[in-house]
Amino acid sequence: MYLICQTDDVQEREARGFDTPLGEILITQRDGSFFAYKNICPHLQVSLEYMEDQFLDMDKEYIICSTHGALFNVEDGECIWGPCQGESLTKVDIEIHSDGGIYLQGSRES
Ligand code: FES
């Protein structure tokens, strides 16, 4: 099983980066749901943030790439503005368990 973090570690309209067996990912919370993506911009395959855990735009509405400012929907990762418009971040499947942990999906031993 791979525990990424606790739900308390990612507050509503905040985002954080984590190192996982799948590489660097980001997790953000919106309207009580958690969304996770690989920390790779589909434009130039670089990391999204310029400072630690700075993954959201100023209004905390979209995920933003710091290199050329591409904006991505939180809910589906689609780029809605910028040089990679129409492309998407790579979704990472996560599971929330009753212990409050956020796990990589399928990584929990039964
Ligand atoms: S590298 Fe992300 S928008 Fe260009």
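One-based numbering, in listed order, for ligands and for the atoms of each. We number each residue from 1, following the sequence as shown.
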What count do you get for protein N/O/S atoms less than 2.8 Å from atom 2 (Fe) of ligand 1?
2

Under a 4.5 Å cut-off applied to non-hydrogen side-chain atoms, are Arg30 and Glu75 in contact?
yes

Considering only heavy atoms from C-beta outward, does the side chain of Arg16 approach that of Ile27 to under 4.5 Å?
no

Keeping the roles fixed (side chain from Asn73, backbone from Gly77), state whether a donor-acceptor pair exists under 3.5 Å.
no

For atom CD of Gln45, is the number of surrounding heavy atoms from other residues, nucleotides or ligands below 6.0 Å larger than 12?
yes

Any donor-acceptor pair under 3.5 Å linking the side chain of Tyr37 with the backbone of Thr28?
no

Heavy-atom closest pair, residues Phe55 and Gly17:
CE1-N, 3.5 Å

